[in-house]
Amino acid sequence: MTQTLRTIREVHDAFDQKRLSPMELTREYLRAIGASRHNAFLTVCEERALGQAKVAEALLAREGRVPRERLPLLGVPLAIKDNLVIDSIRTTCASRILENYVPPYTATCVARLEAAGAVTLGKTSLDEFAMGGSNENSAFGPVLHPTHPDRVPGGSSGGSATAVGAGLCVAALGSDTGGSIRLPASYCGVVGVKPTYGGVSRYGLVAFASSLDQVGPMANSVEDAALLLEVMGGHDPRDSTSAVAAATPARDALGEPDWRGLRIGVPEEFFVEGLAPEVERATRAALSWFEKEGAKLVPVRLPHAKHSVAVYYLIAVSEASSNLARFDGVRYGTRPSGEERDLAAFYRKARAGFGAEVKRRIILGTFALSSGYAEAYYRRACQVRRLIKDDFDRAFEKVDLIAGPVSPGTAFKLGEKLTDPLRMYLNDIFTIPANLAGLPALSVPNGKDAHGLPIGLQLLAPQFGEARLLGAAHAFEKGRA
Ligand code: GLN
């Protein structure tokens, strides 16, 4: 049953028609998670899930049918990336250093989903502190791709992508600092949306790079992603960077876009050497589909985009080195015993809990921010970041959306890039620009390669252009099916 009910609409129809109850559905998902070999979940919160399902069941019995306006997620089982905190549920960030951390509060985005009736099944795996693109950097073992167990699901929100793709939840939350929602969504054949910076509260998201991090939905349909976004988005007084502008009711946007007026920018910088021929073919075919519908394809230039990876890996590591200073065994992190008299030894022992990639980034970031080098590296990176954003501003004077690939290739083999961090970093080349510029962007399934591995199409919009973004993706999803 969980394999056949893929979307919120299908779940709610089943509830309305009394084919299935919220308790039965939740139990089925818990069973499926228990039987799965994907290693997608780090913590299953059975008690919380069954408690929420029970409440949903009682409400449904009283109302007769799902009150879709008031409780749009009633009884819908979700999975949450394990860098979002939930009161009394272990949050590890897939790190040994937080192996036993139980937070005393709940992230705003999760609280809003639960208030809309959602059932929280558990916490999904990720690359440690969201640093990575394959989910192989988890301290608790890699996550397997939903259909190809010798492949990675992508990262860092790989657990959430696999959970959605393998039918272990209806939808999930991920976080995207440089592509961590869109990349795994494209590898696993699901929809993933990175909202405008400030669109969703970061309160309760364990910070990686605060000027880039955004929480977003991963789902089996654009409609579901839009609904999740609508429920959790909007200003939160607890996050001063969350936007005050009223959130666009995202679902309203899902009608047909006005194709005749729609201009889609095609940056030549997104069709570079190294792009797998099958991904290029699929992307061009998608562009032709939009054109056939009546949209106009417009070549645009993003001349500074080629610096994105370098800029990102300076800014992200710099912010990370500062954010992760709190994991010192005193404020957060496992407290080492027997080192109370020697502070340096205490820190050394406490911070030995970080994995290799996290250590690499803390060291790089500390270097990039150190006196004498900050001007040459960090400051310079911030300046180029601005140029990258200006390129987008200029492009969006001429076009409504920008389209391109999500990743140069499809899901790669486990271990294939693990020993070469630079190759792994280059894999983020098409996703990073949206984070640097604070733009909303998404990945929507766009066919498969010869191995049957999903390919994603990336669409980007101007800030707070989620309505247009989701509307076009929804039409594409329906039209191409
Ligand atoms: N792969 C990128 C990195 O390793 C992006 C991670 C993310 O978006 N959280 O930093």
Side-chain angles (χ1 to χ4, degrees), residues 80-84 93-95 124-138 142-143 152-161 172-188 192-195 197 200 202 205-218 308-321 323-324 354-365 368 381 385 406-409 411-412 416-418 420-443 456 458 460:
I80 308 294
K81 187 178 182 179
D82 201 24
N83 59 352
L84 287 160
C93 292
S95 181
T124 51
S125 187
L126 60 151
D127 287 295
E128 186 175 357
F129 286 101
M131 297 178 187
S134 68
N135 223 114
E136 293 167 294
N137 292 340
S138 163
V143 174
V152 302
S156 64
S157 312
S160 288
L173 290 191
S175 68
D176 192 313
T177 305
S180 279
I181 290 176
R182 288 161 286 157
L183 184 82
S186 81
Y187 282 9
C188 295
V193 184
K194 173 226 170 290
Y197 183 77
V200 174
R202 288 183 296 115
L205 169 69
V206 178
F208 160 15
S210 312
S211 77
L212 301 159
D213 298 340
Q214 267 300 284
V215 178
M218 306 175 83
S308 293
V309 173
V311 167
Y312 171 85
Y313 279 97
L314 278 168
I315 292 179
V317 298
S318 298
E319 293 185 19
S321 74
N323 274 327
L324 270 59
F354 286 133
E357 181 62 27
V358 176
K359 285 185 190 156
R360 178 161 36 239
R361 294 193 188 202
I362 292 175
I363 291 168
L364 276 170
R385 177 183 189 172
V406 177
S407 160
F412 47 89
E416 197 180 310
K417 294 190 208 259
L418 204 52
D420 190 348
L422 218 52
R423 262 184 76 208
M424 191 80 94
Y425 296 172
L426 284 170
N427 209 39
D428 302 330
I429 183 163
F430 302 129
T431 49
I432 282 173
N435 301 79
L436 290 173
L439 305 174
L442 58 75
S443 174
Q458 185 173 209
L460 301 93

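Just so you know, these numbers come straight off a predicted model, no measurement behind them. Atoms within a ligand are numbered from 1 in the order they appear, just like the ligands themselves.
- For the pair Asp428 (side chain) and Thr431 (backbone), a donor-acceptor distance under 3.5 Å is absent.
- Ligand 1 places these atoms under 4.0 Å from at least one heavy atom of Asp428: 1 (N), 2 (C), 3 (C).
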Worked verdict on Tyr197 versus Asn435 for side chain to side chain contact (heavy atoms under 4.5 Å, CB included): CA-CA 8 Å; Tyr197 183 77; Asn435 301 79; over 6 Å; no

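- Between Ala130 and ligand 1, an N or O atom pair is found at a separation short of 3.5 Å.
- At a 3.5 angstrom cut-off on N or O pairs, Gly179 counts as close to ligand 1.
- Under a 4.0 Å criterion applied to the non-hydrogen atoms of Gly178, ligand 1 contributes the atoms 5 (C), 7 (C), 8 (O).
- The shortest N or O to N or O distance between Lys81 and ligand 1 is not below 3.5 Å.
- Between Ser175 and ligand 1, no pair of N/O atoms sits closer than 3.5 Å.
- For the ligand labelled ligand 1, residue Tyr312 lies inside the 4.0 Å heavy-atom shell.
- The closest side-chain heavy-atom distance from Ile429 to Pro408 is below 4.5 Å.
- Considering only non-hydrogen atoms, atom 4 (O) of ligand 1 lies nearest to Arg361 out of Arg361, Lys194, Met424.
- Expressed to the nearest 0.5 Å, how far CG of Asp176 lies from OG of Ser443 amounts to 10.5 Å.
- Using a 4.0 Å cut-off to heavy atoms of Phe208, the atoms of ligand 1 that qualify are 9 (N), 10 (O).
- Between the CD1 atom of Ile181 and the OG atom of Ser186 there is a distance of 12.5 Å, given to the nearest 0.5 Å.
- Put simply, the side chain of Asp213 gets close to the backbone of Phe208: a donor and an acceptor are under 3.5 Å apart.
- When all heavy atoms are compared, the tightest approach of Val152 to Ser134 is CB-O, 3.6 Å.
- Within the 4.0 Å heavy-atom cutoff, Ala316 does not count among the residues contacting ligand 1.
- Near Ser156, the atoms of ligand 1 lying under 4.0 angstrom from a non-hydrogen atom of the residue are 9 (N).
- From the protein, the heavy atom lying nearest to atom 6 (C) of ligand 1 is Ser180 OG, 2.8 Å.
- The distance between the ring centers of Tyr425 and Tyr313 falls below 6.0 angstrom.
- Residue-ligand proximity, Tyr313 to ligand 1, at heavy-atom distances under 4.0 Å covers atoms 1 (N), 2 (C), 3 (C), 4 (O), 10 (O).
- Not counting sequence neighbours, the partners of Asn137 by the side-chain contact (heavy atoms from CB on, under 4.5 Å) test are Asp127, Glu357, Leu418.
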